[in-house]
There are 2 protein chains.
Amino acid sequence: MEKKETAKERILRVANELFYHEGVRAVGIDRIIHESGVAKASFYRSFATKDDLVAEYLEQRRLQFLANIEHARKEHPESSFEQLLFLMDYLAERMKRPAYRGCSFMNTIVEFPETEHPNHVKALASRSDIWDEVTLLIQEAGLPNPHDLSEQIRMLWSGAAMVAYINKADFKPELFSVAAKTLINSHRVSAD
Amino acid sequence: MEKKETAKERILRVANELFYHEGVRAVGIDRIIHESGVAKASFYRSFATKDDLVAEYLEQRRLQFLANIEHARKEHPESSFEQLLFLMDYLAERMKRPAYRGCSFMNTIVEFPETEHPNHVKALASRSDIWDEVTLLIQEAGLPNPHDLSEQIRMLWSGAAMVAYINKADFKPELFSVAAKTLINSHRVSAD
DNA sequence: TATGAATGAGACAGATCTGTCTATTTTATT
DNA sequence: AATAAAATAGACAGATCTGTCTCATTCATA
């Protein structure tokens, strides 16, 4: 038999959708409560504060992104270099989807600019976390100066996420993946 | 004799500082009023609403960025290609300054995600405006596929702005300018 | 069916922010 | 010096949001 979705799971699913697509500040508790069909008291039995819900939302997003990297690893189990190239193409495709609304971590950091705010802290940590994983992939691929290349790809990818969010109509995924490969190749030849 | 700064100019100067460094939503009217040493009624004689002040803040930022491009043009009056390379180096240096806090247009767009909000609309228009100017520079440099290259540089530059804001300690300006030149060069050779 | 626990609906308090308004003080001009 | 205009300080209303609390209803189990 199917396990029914608990109230907490339903809230988290609705919050994930609303926070990502409309912004954390723009979506109030009342909105989440109504759309997940739960009472206010029930909400506050699952989450002590709104920020606690935001933290769990960001954690979900972190795990979802790590799954993308895992997917790339499984797709090309023999070569870390191929995993890296696949990841670039894969991310490019994801960014052109209509529902794409940028990087939840960058968006949350900008929405909560106070550096000690728990939402800011959690988003920053999540972003560092996933980026460490990408850097690891670059290192495993045996590319020279992996940290420098990782930094350049982080810039390109962060900007692609913003453009795909802000200027959706202009975003061309192949321009991103070609640029990423150009940067990767420039490191290969410069090592000879 | 020196013309004294008017109340409106003082408000605008304070707002420019506070909005940029702490965020538009985080800085309230009361804060701006106190720090610019003006009364609330006087403020509302110069600006009908807070959003009107935000619009003028963004307009200031737009003009400041256009001045950067103008600076690059004057520095290398003979060659648009050199102007473009100079602009990349120049922006890289600006992004590493301690006071740098990212792109005010991207930040404002993320802070006001509702696409019809006046602050969102103004920031988006300003961003498009300055980017048209960069695209023009690329066209004048005679590079092939100027729109594609412009898009790639926009991604890289947008991401560099975010990294320089969010991960200031990690930001290395030369990695940005080298990456930009790598992308520019890749267009030159691919045209042969 | 009866009973106790969990949930729903929503009122309410408290905080925060924008924008208005009033009363007092300062400034400028004749 | 007198008077009119403008600026100041800050109280206040109204909106919005989070989080608490009450009370009625539903649900599960004996």
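Below, read A as the first sequence line, B as the second, and so on, with proteins coming before strands; counting in each chain starts at 1. Just the heavy atoms: all of them, side chains too, but no hydrogens, waters or symmetry mates, feed the values below. Everything numeric here is computed off the predicted structure, so don't read it as measured data.
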Pairing residues for [X] by the side-chain hydrogen bond (donor to acceptor under 3.5 Å, both in side chains) criterion, not counting sequence neighbours:
{"X": "A:Ser128", "result": "none"}
{"X": "A:Ser158", "result": "A:Arg127"}
{"X": "A:Asp51", "result": "A:Asn119"}

Q | Sequence neighbours excluded, every pair satisfying ring-ring contact (aromatic ring centres under 6.0 Å, His included) that has a member inside residues 119-143 of chain B | A | B:Trp131-B:Trp157
Q) Could B:Asp89 and B:Lys181 be called an ion pair, given the rule that one side-chain N must be under 4.0 Å from one carboxylate O? A) yes
Q: Could you name each residue pair satisfying side chain to side chain donor-acceptor pair (under 3.5 Å) that touches residues 24-34 of chain B, not counting sequence neighbours?
A: B:Glu22-B:Arg31, B:Asp30-B:Lys40, B:Arg31-B:Glu35
Q.
Less than 4.0 angstrom between a side-chain N/O of A:Arg45 and OP1 or OP2 of C:dA6, yes or no?
A. no
Q. Under 4.0 Å: is that the gap between some side-chain N or O of B:Ser42 and OP1 or OP2 of D:dT8?
A. yes
Q.
Can you list everything that forms a side-chain contact (heavy atoms from CB on, under 4.5 Å) with A:Lys172? Sequence neighbours excluded, please.
A. A:Glu174, A:Leu175
**Q.** Qualifying residues under side-chain contact (heavy atoms from CB on, under 4.5 Å), relative to B:Gln60, sequence neighbours excluded
**A.** B:Leu12, B:Asn16, B:Gln64
Q. For A:Arg10 and C:dT7, what is the distance between atoms CZ and P respectively, to the nearest whole Å?
A. 10 Å
Polar atom pairs between nucleotides 10-19 of chain C and protein, under 3.5 Å, N or O only, would you list them?
unit_1, atom_1, unit_2, atom_2, d
C:dT18, OP1, B:Lys50, NZ, 3.0
C:dT18, OP2, B:Ile29, N, 2.9
C:dG19, OP2, B:Tyr44, OH, 3.1
C:dG19, OP2, B:Lys50, N, 2.8
C:dG19, N7, B:Lys40, NZ, 3.2
C:dG19, O6, B:Lys40, NZ, 2.7

Q.
Give the residues of residues 107-125 of chain A touching DNA chain C, defined as any heavy atom closer than 4.0 Å, sorted by residue number.
A. none
